[in-house]
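These notes concern the structure reproduced below.
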Amino acid sequence: MAMLSALTLDQLRVLVTIAETGSFSAAGRSLMRAQSAISQSVANFEATQGVMLFDRAGHRPVLTEAGRVLVEQARLVLASAARFEAVAAGTRQGLEPELALAIDPMVPSGPLIKSLRVLHETWPQLPISFSTEGLGGALRRLRRKEAALAIGLLLPDVPQDVVAVPLSTIELVAVAALSHPLARRPAPLTRADLEPHVQLVLSSGATTDGPDYGVASFARWRFIDLGRRLDFLRSGFGWCRMPRHLVEMDLKDGRLVQLDLDDDAAGQQGALTIYATHLVGHPPGPAGRRLLAEMSAE
């Protein structure tokens with residue numbers, strides 16, 4: 001512990017600069033210090049840590065094997081310190097110390113990534129965390145105050161305890177594998193056609209008996225993971241409604257086919273709105289507001 005407490009960021013900075021410039025004298029010029037000060041810093045480092053950093057047998061000091069390893073560790077520590085300082089500086093200016101986002105699995109990644117890229121360019125040191133759960137999981141995290149913003153569906157209506165900004169709509173299409181019996185039935189398919197077949201239902205994950213939206217089959221297999229549901233769908237284990245953007249390539253390749261449903265079977269599930277929400281009385285900080293503005297402009 002005593003050796004670690006004697007270690008300073010300045011010593012690490014000197015070590016890295018020597019490795020990058022190639023000599024003590026060049027490091028001194030880069031850091032605007034006398035070569036003797038650089039040499040003394042290295043000597044103190046070696047004495048306190050009990051390790052030889054440089055082989056001084058030749059014309060120029062050469063990093064030892066331990067020195068090479070410690071240079072890489074020093075770079076990591078300095079980068080972490082820089083992030084620490086940036087987060088602290090941003091917090092002093094009112095920026096969130098972290099932006100936590102909760103995202104429903106139905107949310108398309110493309111627009112989100114594009115907006116987050118702009119955010120990262122503005123505040124490159126801002127930590128951003130993501131959580132994706134089952135349907136409705138983003139709203140639950142928001143209510144537990146584990147996220148500043150929730151991005152996803154609000155079914156059946158916008159709750160009164162959140163402020164919701166509509167971002168986009170996603171088209172849902174009924175699909176099944178080419179090998180599935182429903183793919184070979186004459187269209188349009190009725191509710192009676194759908195009812196005997198397993199429907200792969202996206203679940204909230206919070207309960208097994210919660211409300212179901214767009215369910216037309218008696219047999220329901222529930223999934224929290226949208227990707228796993230897609231795997232089962234491709235394998236012909238059932239049918240379901242999927243966001244078109246997630247199955248577009250499967251439809252083009254013929255692995256999946258779109259099912260033509262009559263009005264009664266189709267219901268009102270043709271399109272759903274994606275919202276960005278925050279709790280009433282808990283508006284997002286500057287980074288959250290910037291993300292909202294970028295996503296709303298898409």
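Quick caveat: nothing in here was measured; it's all calculated off a predicted structure.
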Do Arg241 and Gln199 have side chains that approach each other closer than 4.5 Å (heavy atoms only, starting at C-beta)?
yes

Any donor-acceptor pair under 3.5 Å from Thr273 side chain to Thr169 backbone
no

Return the set of residues passing side-chain contact (heavy atoms from CB on, under 4.5 Å) with Phe218 (not counting sequence neighbours), or none when no residue passes.
Glu195

Tell me every residue that passes side-chain contact (heavy atoms from CB on, under 4.5 Å) with Thr190, counting only those two or more places apart in sequence or in another chain.
Ala192, Asp193, Asp262

So Leu116 and Leu101, do their side chains get closer than 4.5 Å, heavy atoms only?
yes

Taking the side chain as every heavy atom from C-beta outward, state whether Ile103 and Ser131 have any atom pair closer than 4.5 Å.
no

Flag yes if more than 12 heavy atoms outside His245 fall under 6.0 Å of its NE2 atom; otherwise flag no.
yes

Distance-only criterion, 3.5 Å: show the donor-acceptor pairs between side-chain atoms of residues 37-45 and protein atoms not counting sequence neighbours.
residue, atom, partner, partner atom, Å
Ser39, OG, Gln35, O, 3.2
Gln40, NE2, Asn44, OD1, 2.9
Asn44, ND2, Gln40, O, 3.3

side-chain contact (heavy atoms from CB on, under 4.5 Å) with His180: which residues, sequence neighbours excluded?
Ala176, Leu182, His197

Please list, chain by chain and in numerical order, all residues satisfying side-chain contact (heavy atoms from CB on, under 4.5 Å) with Leu178, sequence neighbours excluded.
Val257

Can a salt bridge be assigned to the pair Glu294 and Arg290 using a cut-off of 4.0 Å between side-chain N and carboxylate O?
yes

To the nearest 0.5 Å, tell me how far Leu189 CG sits from Trp239 CH2.
9.0 Å

Members sharing Leu279's hydrophobic cluster (side chains within less than 4.5 Å):
Leu139, Leu142, Leu154, Val158, Val162, Tyr275

